[in-house]
There are 2 protein chains.
Amino acid sequence: MTAEEILTKAGVRPTHVRDAVLKRLYEAGCPLSHGEIAAHPGMKRYDRVTIYRTLYTLEGAGLVHTVQGIDGAWRFCAHPPDRTGCPGNHPHFLCLKCGKMQCLTGQRLPWVEVPERVRVKGKQLVIYGICTACGTAEERNKNK
Amino acid sequence: MTAEEILTKAGVRPTHVRDAVLKRLYEAGCPLSHGEIAAHPGMKRYDRVTIYRTLYTLEGAGLVHTVQGIDGAWRFCAHPPDRTGCPGNHPHFLCLKCGKMQCLTGQRLPWVEVPERVRVKGKQLVIYGICTACGTAEERNKNK
DNA sequence: AAAAGAATTGCAACTCAGTTGCATAAATTT
DNA sequence: AAATTTATGCAACTGAGTTGCAATTCTTTT
Ligand SMILES: [Mn+2]
Ligand SMILES: [Mn+2]
Ligand SMILES: [Zn+2]
Ligand SMILES: [Zn+2]
């Protein structure tokens with residue numbers, strides 16, 4: 001199923017930006033920040049605000065889930081629909097060095113007890129540290 | 001044990017700001033954002049940057065633990081030492097309406113499996129929604 | 001097909017949290 | 001007391017995200 005069809009099916013008009021952003025997220029396979037998306041060559045011709053609004057539209061349509069990096073920037077993540085929704089209720093890992101985030105799929109978010117009469121709207125579990133790539137790069141540097 | 005003594009024991013000089021900020025956090029008993037701290041009457045005479053630096057000093061000394069609200073602002077939390085450290089490895093709840101955060105002590109953060117060779121430095125679990133106070137206020141509004 | 005209406009995009013200006021550089025003011029050390 | 005170190009204040013800056021409004025582009029109606 002093409003990105004355009006997915007957009008239509010989700011009830012949003014398949015405009016250029018939307019198609020481009022959704023494709024970009026599918027290709028990345030990991031959560032991207034607005035900055036990372038906007039920096040991509042193919043995105044240069046769209047306004048930063050438009051990209052923000054596009055991301056929120058995709059989120060509203062249920063095609064994208066969001067997580068916050070502890071660096072203060074939100075990440076947006078989408079997986080093709082054949083991967084059964086990937087609703088986003090899994091932990092995420094953020095590398096403090098390169099800023100890349102990964103979905104830790106295959107694990108569910110834990111059940112958390114909240115005080116009486118508190119209405120829970122969502123939750124997010126972010127693990128942070130140094131990713132494999134950055135870690136080995138560091139090793140190499142030390143040994144030289 | 002007074003805040004001043006606690007500071008000294010933790011190896012930082014007990015200056016005015018540090019004493020004031022630590023006391024404020026103790027009194028609050030819940031994580032406060034920089035903004036919430038700076039807004040307090042007794043804090044007006046300190047520069048905002050000084051308050052930031054003070055918070056980082058306290059964090060470095062192990063007297064304060066930090067969590068990020070999904071509203072983009074960090075919270076700083078401290079508990080008197082008799083409460084055996086309260087190391088901060090518990091979930092936190094953030095109210096999207098009033099912005100207040102609460103420690104969900106009594107629950108530990110879950111163990112999370114990470115990819116091979118990833119070095120974990122920390123993790124945080126944030127639950128968000130509407131707190132009891134804001135929820136009941138909403139109810140009252142509906143019924144009038 | 002033309003006109004009217006609705007949704008989308010671009011641009012400029014703005015907010016808000018946090019940071020950086022540097023000068024001044026304490027403390028500490030010598 | 002002088003030299004050195006540490007803490008504070010002030011101004012300017014960065015970076016993520018938001019808001020308002022005008023210009024486009026679609027879609028629907030006539
Ligand atoms: Mn994810
Ligand atoms: Mn806490
Ligand atoms: Zn990395
Ligand atoms: Zn509340």
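Quick note on labels: first sequence line is chain A, next is B, and so on, each numbered from 1.
Rounded to the nearest 0.5 Å, atoms OG1 (A/Thr2) and NZ (A/Lys23) are 6.0 Å apart. The distance from atom OG1 of A/Thr54 to atom CZ of A/Phe76, rounded to the nearest 0.5 Å, is 10.5 Å.
Counting heavy atoms from C-beta outward, B/Cys77 and B/His79 have side chains that approach closer than 4.5 Å. Contact check for B/His92 versus B/Gln124: no side-chain heavy atoms found under the 4.5 Å cut-off. Side-chain contact between B/Leu58 and B/Leu7: present, with at least one pair of heavy atoms (C-beta onward) separated by less than 4.5 Å. Using a 4.5 Å heavy-atom cutoff, the side chains of B/Thr57 and B/Val64 are not in contact.
Heavy-atom distances under 4.0 Å link DNA chain D to B/Arg13, B/Thr15, B/Val17, B/Arg18 of residues 9-20 of chain B, given in residue order. Contacts with DNA chain D (heavy atom under 4.0 Å) in residues 47-58 of chain B: B/Asp47, B/Val49, B/Thr50, B/Arg53, listed by number. In the region residues 31-42 of chain A, proximity to DNA chain C at under 4.0 angstrom, judged on heavy atoms, holds for none of the residues.
Judged purely by distance below 3.5 Å, without hydrogens or angles, the side chains of B/Gln107 and A/Glu113 never pair a donor atom with an acceptor atom.
With sequence neighbours excluded, the residues that form a salt bridge (Lys or Arg N to Asp or Glu O under 4.0 Å) with B/Glu138 are A/Arg119, B/Lys97.
With a 4.5 Å cut-off between side-chain heavy atoms of Ile, Leu, Val, Met, Phe, Trp and Tyr, the cluster of B/Val114 takes in A/Phe93, A/Leu104, A/Leu109, A/Val112, A/Val114, A/Val118, A/Val120, A/Leu125, A/Ile127, B/Phe93, B/Leu104, B/Leu109, B/Val112, B/Val118, B/Val120, B/Leu125, B/Ile127.
Taking the six-membered ring where tryptophan is involved, the planes of A/His34 and A/Tyr52 are essentially parallel, since the angle between them stays under 30° and well short of 60°.
Taking a heavy-atom distance under 4.0 Å as the criterion, the stretch of DNA chain D touched by chain A extends 5' to 3' from D/dA16 to D/dT27.
When each of A/Arg75, A/Lys100, A/Gln102, A/Glu36 is tested with A/Pro31 by the rule side chain to side chain contact (heavy atoms under 4.5 Å, CB included), just one qualifies, namely A/Arg75.
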- For the pair A/Val17 and A/Asp47, evaluate side-chain contact (heavy atoms from CB on, under 4.5 Å) and give the outcome as yes or no after the intermediate values. CA-CA 10 Å; A/Val17 217; A/Asp47 189 77; over 6 Å; no

